[in-house]
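A, B, ... follow the sequence lines: proteins, then strands. Residue 1 opens every chain. Just so you know, these numbers come straight off a predicted model, no measurement behind them.
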Amino acid sequence: MRWSNLHTPTLRDAPADAEAASHKLLIQAGFIRQLHAGHYSLLPLGQRVARKVAQIIREEMDAIGGQEFLLPAMHPASLWQKSGRWEIMGDEMFRLIDRKGAENALGMTHEEVFAQLALEITSYKTLPQIWYQIQTKFRDEPRPKSGLLRVREFAMKDSYSFDIDQDGLDRNFDLHHGAYVRIFERLGLPAVPVDASSGAMGGSGSTEFMVPSPAGEDDVVICPSGDYAANVERASSSLPAVTDRNIPELARFATPGVRTIAALETVEGGAPADHQIKTMVMVLDGSVTLALVRGDHQLNLQKLQDVSGAIEVRPATPDEALAALGAHPGSLGAVGVTGLRIIADHALNGRQGLCTGANEDDWHYTGVSVARDIAVDQWADLREVAAGEACPQCGSPLDIVRCIETGHIFKLGTKYSEAMGASVLDPDGTQRPIVMGSYGIGVERAVAAVAETFHDDRGLQWPISIAPFAAVITVVSVKDEASMTAAEDLYTQIRDHGVDVLLDDRDARAGVKFADAELIGIPFRITIGPKALADGEVEFTDRATGLTDRVGQADVVGHLLAALANQR
RNA sequence: CGGGACGUGGCGCAGGCUGGUAGCGCACCUGCUUUGGGAGCAGGGGGUCGUGGGUUCAAAUCCCGCCGUCCCGACCA
């Protein structure tokens, strides 16, 4: 490609309103342009990178026996009604009505369509199968943000495995796990597999692949010794035991103005936070529920959602809390409460001598025994792990790291195959639902994650595996005939080796060309200038290190090939 | 959905308070000079000032509605 013919609208300045590094740089370097919120056009450079990412994904999916499909992006409502997700997906699904008045949806994912196709699998003998596609997904995100990191329209590789039983699913899950590790390695991404919540997908287990980055939106609990990693929505830790205070009698006491855990710690008759019960009034699918955690602990909403099975989880408004319990937030408690579902965190199990709100403003209880005084319906892990708590495996202090979710693999089980009626006959002639798994990687998000991970103050630094071009030949003076002849010759030679090379033949100043090449992040630059050329030499610059070598004109192709092989 | 900011040539912004010919930098076009780290001079093209209404002799500017965008939070497979 000749730069004079390449549409690369690089900007002198990064867009003022962009926050994330990938967002700024992908726009500034001319990879993407926004059409509207959450919808981006990929310009030639962006498309080149996205294609290379997709190609790596394809190769690794094919390597584990995946078969590529391409399914429709628009689906009939009936399909989603069959699985029950027409309602569950709520506002996040784009819906439209066609000229006949029929309801349609733009696909957010393709479990239903693939399960529908799996109706034609009728015998265990044709299992297992791995089916995949790279297809546009549509999700009406409440808040698109950070350039390509969270959008409403994006390409996703989604694959689905079909097995006769759980063992088969486990094998396909492991195959995908391995493929994902290799994919992220080839992208250069330091992705960490972590235990995750399955959320609305359901199923028996899921693993997320997380790339540490301040631009991420998930917090991951990681043990520095490497034996534990989990999303905070799922993570647990070991807690030191707390010795209960000896307050055998339940007693109400006045606490004028006390509305917080901290205030209750210092008031006369109060208690340290780990001897308090925090009562969170939540609304789960419209019904008021009490979620109890220890006073110094934080409730994790996703955990509550997972253990309750609720679709919609939100904190109650102060008015709702007042209506349900008779007091305002700050004086709420579960002692003696009946008629409301009560879910309590394990850390409260068996505790005594605790303090909690008395459901009357300015009054609290002390001497609460959970077993005696609170009608807990369900014990569960509700609390969010905090940094520094002990690893459940080895006891080391845990780190909490902000991450970008670049991949997520799920053991679905039979939820969708049963809903869609996909079953096979087993060797005994019994009809059995197909056991499914589902596995996703967002293509543009992977591009953004690489941009987040590899950049410096001059611009992007693509790994060779997905760089839009592996090398650029920068001609310092295009009016110098000897330079252009040498450049054209090199350009041809390098292309003949199958290397993506860009010839910067623009009639621009050297500084502009250097700055553009660095901004775009092309891994290697061969600079052809009159001075070195007079000695029969050119310059070879490594974008990542910034180091420049003088190389003989005749040796530079070999030098480039060696550098590419070295870093590939 | 809550909070905040913003919308003026392709990009970045000023102007707005105090209404009166729409401006600056970058980019773009032409010419000359220059030419190894984002050149200089001269000339030139390009804007329904997001949108609808209102006030006024007169609105980018004041008032109201709407739309859109960004950031924080909520939310989010």
[N] pairs with, by Watson-Crick or G-U criteria that keep both distances under 3.5 Å:
N: C28(B); answer: G44(B)
N: U61(B); answer: none
N: C66(B); answer: G50(B)

Using whole Å, report how far CG of D507(A) lies from C1' of G36(B).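 Between C1' of G36(B) and CG of D507(A): 15 Å.
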Heavy atom of residues 28-41 of chain A under 4.0 Å from RNA chain B: which residues?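 Only Q34(A), H36(A), A37(A) qualify.
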Is a donor-acceptor contact shorter than 3.5 angstrom present between the side chain of R150(A) and the base of C76(B)? yes
Mark yes or no for a side-chain to base donor-acceptor pair under 3.5 Å between R458(A) and G38(B), with no hydrogen or angle criteria applied.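 Answer is no: no donor-acceptor pair is held.
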Taking OP1 and OP2 of C72(B), is either one under 4.0 Å from a side-chain nitrogen or oxygen of R143(A)? yes
If the P atom of G9(B) is compared with that of C24(B), how far apart are they to the nearest Å? 15 Å
Inter-nucleotide P distance (C11(B), C67(B)), Å rounded: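 24 Å, rounded to whole Å.
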Which atom pairs link the protein and nucleotides 25-34 of chain B when you take only N or O atoms and keep those under 3.5 Å?
{"from": "U34(B)", "atom 1": "O2", "to": "R509(A)", "atom 2": "NH1", "distance (Å)": "3.0"}

I'd like to know whether the aromatic ring centres of F31(A) and W462(A) sit less than 6.0 Å apart in this structure.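 Yes; W462(A) has its ring centre under 6.0 Å from that of F31(A).
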Tell me if the centroids of the rings in F184(A) and F209(A) come within less than 6.0 Å of each other.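 Ring centroids of F184(A) and F209(A) are less than 6.0 Å from each other.
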